[in-house]
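The sequence lines fix the lettering, A, B, ..., with proteins before strands; numbering per chain opens at 1. It should be emphasised that the depicted structure is a prediction, and the values quoted were computed from it without experimental measurement. Reckoned from all heavy atoms, side chains included, excluding hydrogens, waters and symmetry mates.
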Amino acid sequence: MMIRFWLAAAVACIWPVQAGAGDGKTFITVASTTSTQNSGFFAHILPLFGKNTGIEVRVVAVGTGQALRLARRGDADVLFVHHGPSEEKFVAAGFGVKRHDVMVNDFVIVGPGDDPAGIGGITDAAKAVRKIADAPAPFVSRGDDSGTHKKEQELWRAAEVDAAAASGTWYRETGSGMGATLNTTAAMRAYTLTDRGTWLGFKNKVGMRVLSEGDRRLLNPYGVILVNPARHPHVKAKLGKIFIDWLISAEGQAAIAAFRIDGRRAFWPNAATAGASRSAIGKKNPQPGTVNRRPSGKRGVEQLPDDPSERRK
Amino acid sequence: MGEEFSILPLELDNVSFEAGGKRLIKDLSHTFETALRTVIIGPNGAGKSLLLRLCHGLIGASAGRIVWHGAGDRDPAPYQGMVFQRPIMLRRSVAANVDYALALRGIRRRQRPVLVDEALVHTGLKRFARQPARLLSFGEQQKLALARVWALKPQILFLDEPTASLDPTATHTVEEIIAAFHAAGTRIVLTTHDLGQARRLADEVLFLHRGRLLEKAPAARFFAKPGNDLAEAFIRGELLWWRRGIDRREKPAGEKAID
Amino acid sequence: MPEFGAAFAEALSLVIRLDRDLAEIVWLSLKVSLAAVFLATVIGMPLGAAVALFHFPGRKAVIVGLNALMGLPPVVVGLIVYLALSRAGPFGVFGLLFTPAALIAAQVLLVVPIIAALTRQVVEDLWAEYSDQLRSFGAGPGRALTALLWDGRFTLLTAVLAGFGRASAEVGAVMIVGGNIDHVTRVMTTAIALEVRKGDLALALGLGVILMVLSLIVNGAAFLIKDTVETRYG
């Protein structure tokens, strides 16, 4: 009796709220990173995709690590992240069907406008962080084992600086997302490594600017993977595939290329399949995996200067 | 109210009550017959309230038996009512207070308004029917407590110092209502330390001291010539307090030593 | 200080423009939190009352547990609900993760301990006051339960409001189980968190102002109801 009453109450309560959201449309769930959401990238391309297909894309934007875990548990249909080695492992373990190149963006080192460490204009990222350590000037690290954090650790290694040993002094680990880390950086008048998309969309810059960019080591390729329906039968494989196919189609790649943040470009399409504007590199690496194994590989260097005017604006 | 069936008489057979290692009611035996008004008197701490609670079944006896001889197989509880020294008002209107008591007795919703109305008219609370019970004056609250019991038409009504904190006017009204209960055939068992009230209401008097029933007698005889010297002192208005030595000295003959 | 000025200007402009996205977010927040608080009340009040009225082995442990659970970190609740609703979890088949139902589930879990613990206190005190009279009327703790909840209604309203406060102000759990999906599970608090991440502090604070005003309206309404009804029924 009582149990039935409570169940009825629960259903009566939840159902209207549940039905109100999403309108019962066909949708897929995409696990992605905060950089794509915070920069407004999804807000730009998803309506374009939805207009053609009628499919609603629900983006869960979390850190790369968490996105991978979500997908592994089958809580997403498509994975859209930027950490090559993890993506490969994901596919190799049978959680994903296949990895496709979609686009590249890059990391930049940002810092206070007066640049106390004097790294402005230095292209070599390792050299730049070394100067920060030598100064020493405060540097804020994500400290959350995210893709960005891993990239930053690579730089310290290349610069032969043991930053972790300085943790708590000039090296500060926030353990939080890119946006939160940028807020902290701004408040501390410190330096940090950020992806360009988040940086361009970030509003609370308070005098910070890009000081070092253009190092090929700072390239950041994004991959898109369909979660394996053989592993998780409920995965909307058909709809997910439509989304991926569209992303790497000429139309999708053009949509990515057209995305601007305050008139600036943050993502460069590089899918292997179609004749999108700057996909030449993708063609040189027909195996998607090879690109990811060395994300700082040659292709990116050739690619980025393709569009120097926009990057320097 | 009792009609042909009555749960009475009520017999207490060697009843004791213990709490915290102390015996608060000691080997008490008495039979409450039908159609009498019993007034229980005695100083504070004599165990008067405990005795009422034991009779009413709010607490259980530690030893001895409490038997409703007329009840047979029936549960005697619904045929009893009790009014407490401090009226306990539910946080609702005056009428709803009476209504809830009836609801708990399983009276159907349709039949309740008439009974509520009757009880309120009878206790002079009709004009307060819609008011929050807790905003009534103390005397009116006690009247409402009586109205609630009135609606239940009990065969026996226990009243625990119902007028202890009332002014003379309110006391008078409450005594009138008690008289009405009596007239309607309800057995009255009342505790008080107001001797005047005991004289006015009692047919039978029980005198309790330190948990012991020291005397029981018809009212007239008790007030004329109590058989127990402590009861006599109490009637004279002397202060009774207990000290080990005094108690031992003044203990009536035949009583066992306490503790 | 300019941030605060900008925040209020932002809040005002959002409200005046009747921003559709904002209206959607506010409406969803209200629906989710009200549903959660309603469910938590239906579960928590009888639970709290039962703990208050019935004596069973381990009762004291339950009381201490309930009181401790009031301080349960939302993120932990979020994780628990996430693991339960995840496709790999026990309730995965229902596909409720990243839907409003998941938000409600998380909030219910957060609010039940508050309502249960406060209800227990209220009912226990009331029962201490009423027990003689109610038992004289023939009602044991079981039958008295509804009467005690009804008579404690004004105090219990405070418990419900405390629950609503926790539900509507919470961000950690709903972020995890809802995913902050635009038009689906984005509520006031996750929207604020998102704007903070984007560095748009004025907009974030503006949303915060609106959330605060909403909370004020709900509490104000509850207070007015309580006030008028209490003077009528004591």
Over 12 non-hydrogen atoms of neighbours within 6.0 angstrom of NZ in A/K205: yes

Best-contacting candidate, A/T198, A/V62, A/V60, against chain C by heavy atom pairs under 4.5 angstrom: A/V60

Test side-chain contact (heavy atoms from CB on, under 4.5 Å) applied to C/L83 and A/R73, step by step: CA-CA 9 Å; C/L83 291 173; A/R73 295 177 63 92; 3.6 Å; yes

Heavy-atom donor-acceptor pair, A/N183 side chain to C/V196 backbone, under 3.5 Å: yes

Contact check, side chains of A/L70 and C/F98, non-hydrogen atoms, under 4.5 Å: yes

Part of A/N38 lying under 4.5 Å from any heavy atom of chain C: both

C/L30 portion near chain A, given a 4.5 angstrom heavy-atom threshold: neither

Rounded distance [0.5 Å steps], CZ in C/R197 versus CD in A/Q37: 6.0 Å

Over 12 foreign heavy atoms within 6.0 Å of NZ, A/K150: yes

Interchain contact, A/S39 with chain C, by part (heavy-atom threshold 4.5 Å): neither

Spacing of CD belonging to C/E195 relative to CG belonging to A/N204, to within rounding of 0.5 Å: 12.0 Å

Close side-chain approach of A/F42 to C/D182, heavy-atom, < 4.5 Å: no

Separation between CZ of A/R69 and OH of C/Y82, rounded to the nearest 0.5 Å: 8.5 Å

Side-chain touch A/K203/C/L201, heavy atoms, less than 4.5 angstrom: no

Part of A/L46 lying under 4.5 Å from any heavy atom of chain C: neither

